[in-house]
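Heads up, the thing below is written out as structure tokens.
In listed order, ligands and their atoms are each counted from 1. Worth knowing before you read on, the calculation uses all heavy atoms, side chains too, and leaves out hydrogens, waters and symmetry mates.
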Amino acid sequence: MRPLIAFAALAWISVYARAGEPDAYDWNLPKGFPKPRVPADNPMTTAKVELGRYLFYDTRMSVNGKASCATCHKQELAFTDGRAAAIGATGESHSRSAMSLVNIAYSGALTWSNPNMTQLEDQALVPMFGERPVELGRREGDGFLSRLRSETKYRELFGKAFPGESEPFTTANVTKAVACFERSIISARSPYDRYHYGGEDHAVPYAAKRGEILFFSQNIACFRCHGGFNFSDASVSDRSTRRSIEFHNTGLYSPYPAPNFGIYEFTHDPADIGKFKTPTLRNVAVTAPYMHDGSARTLEDVLDHYAAGGRAHDNPNKDPLVHGFALSKEERADLAAFLQSLTDEELLNDRRFSNPWPSK
Ligand code: HEC
Ligand code: HEC
């Protein structure tokens, strides 16, 4: 009898210990959806996600108390800001459009065109401390961490998120928590997902089903860059073996796209001028205006752009896949209906991603 009891106790302890381990975080992913890659030194925990959410919405993150991450990344707009060019806490204009943070956990590189920026923990430092342009305008030693320490709510949240650390109020821990919150923003329940993965045949209208066929056709070829579960060839998951991702020039400019030169700014290879990351098309119906510079106002404009084979036909770097195609009025409406079927209302209204601070 004795060994059996010991065995039962051991089994119970190991199950219990596993449940208490940080990587027991429940991603709550539907069938067919892969898990994101997570850096080994910042495993997901519910406590870090919760702390990150408070920080993401905290205007004390900015030099003048006027902006937080959420100022430019609004939940109802799939974490974009509705502007062609983002505006920082001090009124400075960014040269690029704010990007959606939905399914950012899967992005193989971050921002429109930095192939070297791969970790959310590093990226969070850019809006906080960046000077060109100023986004939140913080400086090292600006008293931010002591302001956090004096907030009762943060003493509770930092304690839970970083248990056992004698000084949890560090910039590194701020970026870790913000990154965990960002990784938790998963969109996988759009009408298209319910139809495609969930077998709900009536979740999308016929127009969207016809549009899906066009999107995945060899001629129109959107899927060649906006492919896979996240509609972006820049997405990777824990199943991918790929280490780097592709960037593309979609023929927006002739010949050179000032002031944004794409990944050329990092690689200095002239063939890379005007190459940008392929953004996910999930929730694209609510993320206008489009492209890195917000130069396409509506989804109609985007379809016009591709149908014409880009705006700049003489651009030597234009991707051969942007070759133009004829599109009837009905086909255009079908493609638009398909893109609209990617809007995940559940995500846009999910309380877990909303502002946790009591409204004043
Ligand atoms: C002033 C507006 C603004 C603020 C404030 C801001 N962002 Fe952004 N965000 C942007 C813009 C613009 C981009 C595109 C940057 C680029 O291409 O260089 C971006 C890009 C990103 C990306 C890359 C997304 C992708 O698809 O690769 C992440 C992640 C991100 N922001 C997170 C944050 C976090 C976290 C905060 C707060 C600490 C924050 N942002 C604050 C405007 C802002
Ligand atoms: C050669 C690869 C490629 C092909 C083919 C392609 N795209 Fe794109 N798409 C991109 C890239 C790269 C961007 C970002 C370009 C930029 O901002 O400079 C983009 C941007 C977009 C955007 C704007 C998204 C946003 O968040 O601003 C939409 C919408 C879009 N594409 C839809 C489509 C559709 C629909 C098709 C098929 C008709 C298509 N794309 C074909 C690579 C491609």
Side-chain angles (χ1 to χ4, degrees), residues 52 55-58 61-62 67-73 78-81 83 85-90 92-104 107-114 117 120 123-130 133-138 174-175 178-179 181-182 211 214-215 217 219-227 231-234 246-253 257 260 262 265 274-285 287-296 298-299 301-303 305-307 310 318-323 325 327 335-336 338-339:
L55 291 165
F56 188 88
Y57 281 97
D58 193 337
M61 276 275 220
S62 66
S68 68
C69 308
T71 307
C72 302
H73 299 288
F79 297 92
T80 61
D81 64 356
R83 297 173 181 278
I87 296 181
T90 57
E92 213 171 299
S93 188
H94 203 294
S95 64
R96 291 181 289 278
S97 187
M99 307 177 82
S100 172
L101 302 184
V102 167
N103 290 358
I104 193 66
S107 198
L110 300 166
T111 76
W112 282 108
S113 54
N114 187 345
M117 178 77 79
L120 287 168
Q123 195 283 331
L125 295 169
V126 176
M128 281 196 251
F129 296 103
V134 169
E135 292 180 64
L136 297 172
R138 287 199 42 215
V174 167
T175 62
V178 168
F181 172 65
E182 293 179 280
L214 296 171
F215 186 91
S217 68
N219 180 31
I220 296 180
C222 313
F223 78 102
R224 296 282 296 273
C225 303
H226 297 279
F231 303 96
S232 163
D233 60 2
E246 304 274 323
F247 294 82
H248 310 274
N249 181 319
T250 57
L252 281 173
Y253 291 94
N260 298 304
E265 290 172 32
K275 285 191 182 165
F276 291 88
K277 180 169 91 169
T278 311
T280 176
L281 296 183
R282 288 183 171 276
N283 307 289
V284 75
T287 67
Y290 303 105
M291 307 300 185
H292 69 271
D293 55 356
S295 61
T298 61
L299 283 177
D301 290 353
V302 173
L303 294 179
H305 168 86
Y306 286 112
K318 190 181 80 168
D319 197 295
L321 287 169
V322 182
H323 47 54
F325 43 81
L327 205 59
L335 261 177
F338 167 68
L339 294 174

Taking all heavy atoms of Leu335 and all of Gly211, pick out the closest pair and write down the distance.
CD2-O, 3.7 Å
Examine ligand 1 and decide if any of its atoms is less than 4.0 Å from a heavy atom belonging to Gly88.
yes
Does any part of the side chain of Phe247, heavy atoms only, come nearer than 4.5 Å to the side chain of Phe276, both counted from C-beta?
no
So Ser232 and Leu281, do their side chains get closer than 4.5 Å, heavy atoms only?
no
Out of all atoms in ligand 2, which are within 4.0 Å of some heavy atom of Leu252? Include the element for each.
16 (C), 18 (O)
Under 3.5 Å, is there a donor-acceptor pair between the side chain of Ser62 and the main chain of Leu136?
no
N/O of Glu182 under 3.5 Å from N/O of ligand 1, yes or no?
no
For ligand 1, the portion of Leu120 having any non-hydrogen atom under 4.0 Å away
side chain
Subset of ligand 1 atoms that lie under 4.0 Å from at least one heavy atom of Leu110
27 (O)
Measuring to atom 8 (Fe) of ligand 1, does Cys69 have an N/O/S atom at a distance below 2.8 Å?
no
Scan side-chain atoms only and decide if Ser217 and Asn219 contain a donor-acceptor pair under the 3.5 Å cut-off.
no
Looking only at heavy atoms, is any part of Leu335 under 4.0 Å from ligand 2, and if so is it the side chain, the backbone, or both, or is it neither?
neither
Main chain of Ala86, side chain of His94: is a donor-acceptor contact present, judged purely on distance under 3.5 Å?
no
Under the 3.5 angstrom rule, does the side chain of Thr278 hit a backbone N or O of His226 as a donor-acceptor pair?
no
In ligand 2, which numbered atoms sit nearer than 4.0 Å to a non-hydrogen atom of Val284?
29 (C)
Which distance, rounded to the nearest 0.5 Å, do you find between the CG of Leu101 and the OG1 of Thr280?
12.0 Å
Please work out whether the ring planes of Trp112 and His292 are parallel, tilted or perpendicular, with thresholds of 30° and 60°.
perpendicular
Please say whether Met291 places an N or O atom under 3.5 Å from an N or O atom belonging to ligand 2.
yes
Residue selection (non-hydrogen contact nearest atom 19 (C) of ligand 1) among Met61, His73, Arg96:
His73
Any atom of ligand 1 sitting under 4.0 Å from a heavy atom of Thr71?
no
Give me the nearest non-hydrogen protein atom to atom 38 (C) of ligand 2 as residue plus atom name, then the distance to 0.1 Å.
Cys222 SG, 2.7 Å
Please could you name the atoms of ligand 2 that Val302 approaches to less than 4.0 Å, counting only its heavy atoms?
28 (C), 29 (C), 30 (C), 32 (C)
Within a strict 4.5 Å, meaning less than it, do heavy atoms of the Thr80 and Met99 side chains meet?
no
List every atom of ligand 2 that sits less than 4.0 Å from any heavy atom of Cys225, numbering the atoms from 1 in the order shown and giving each element.
1 (C), 2 (C), 3 (C), 4 (C), 5 (C), 42 (C), 43 (C)
May I ask which of Ser113, Gly310, Ser295, Pro279 has a heavy atom nearer to atom 13 (C) of ligand 2 than the others do?
Pro279
Vertex atom 8 (Fe) of ligand 2: angle to OH of Tyr306 and NE2 of His226, to 10°?
170°
By number and element, which atoms of ligand 1 are closer than 4.0 Å to a non-hydrogen atom of Ser68?
5 (C)
Backbone N/O of Val284 and side chain of Tyr290: donor-acceptor pair under 3.5 Å
yes
Taking the side chain as every heavy atom from C-beta outward, state whether Thr250 and Asp319 have any atom pair closer than 4.5 Å.
no
Which ligand 1 atoms are under 4.0 Å away from a heavy-atom of Ile87?
1 (C)
So, for Phe338 and Phe215, is the gap between ring centers shorter than 6.0 Å?
yes
Does ligand 2 come near enough to His292 that some N or O of the ligand is less than 3.5 Å from an N or O of the residue?
yes
For atom 12 (C) of ligand 2, the closest protein heavy atom turns out to be Phe276 O, 3.4 Å
Heavy-atom gap Lys277 to ligand 2 smaller than 4.0 Å
yes
Looking at non-hydrogen atoms alone, which of Thr175, Ile104, Val174 comes nearest to atom 24 (C) of ligand 1?
Ile104
Does a side-chain heavy-atom distance below 4.5 Å link Met128 with Val174?
yes
Any side-chain heavy atom of Met291 sitting closer than 4.5 Å to one from Val302?
yes
Does Arg224 come within less than 4.0 Å of ligand 2, judged by its heavy atoms?
no
Asp319: numbered ligand 2 atoms lying under 4.0 Å from its heavy atoms
1 (C)
Looking at ligand 2, would Phe223 count as a contact under a 4.0 Å heavy-atom criterion?
no
For Tyr290, the ligand 2 atoms whose distance to one of its heavy atoms is below 4.0 Å
23 (C), 25 (C), 27 (O)
Is there a donor-acceptor contact under 3.5 Å linking the side chains of Lys277 and Ser107?
yes
Heavy-atom donor-acceptor pair, Glu92 side chain to Pro133 backbone, under 3.5 Å
no
Closer than 4.0 angstrom: is that true for some heavy atom of Ser97 and an atom of ligand 1?
yes
Please could you name the atoms of ligand 2 that Phe325 approaches to less than 4.0 Å, counting only its heavy atoms?
38 (C)
Atom indices of ligand 1, in the order listed, that fall short of 4.0 Å to a heavy atom of Val178:
35 (C)
Metal site atom 8 (Fe) of ligand 2: N/O/S of Thr250 inside 2.8 Å
no
Measure the distances from the heavy atoms of Pro133 to every atom of ligand 1 and state whether one is below 4.0 angstrom.
no
Out of Thr111, Asp58, Leu55, indicate the one that has the non-hydrogen atom closest to atom 27 (O) of ligand 1.
Thr111
Going by the order shown, which atoms of ligand 2 are within less than 4.0 Å of some heavy atom of Ala221?
5 (C)
Is Leu110 close to Ile104 at the side-chain level, that is, under 4.5 Å between some pair of heavy atoms?
yes
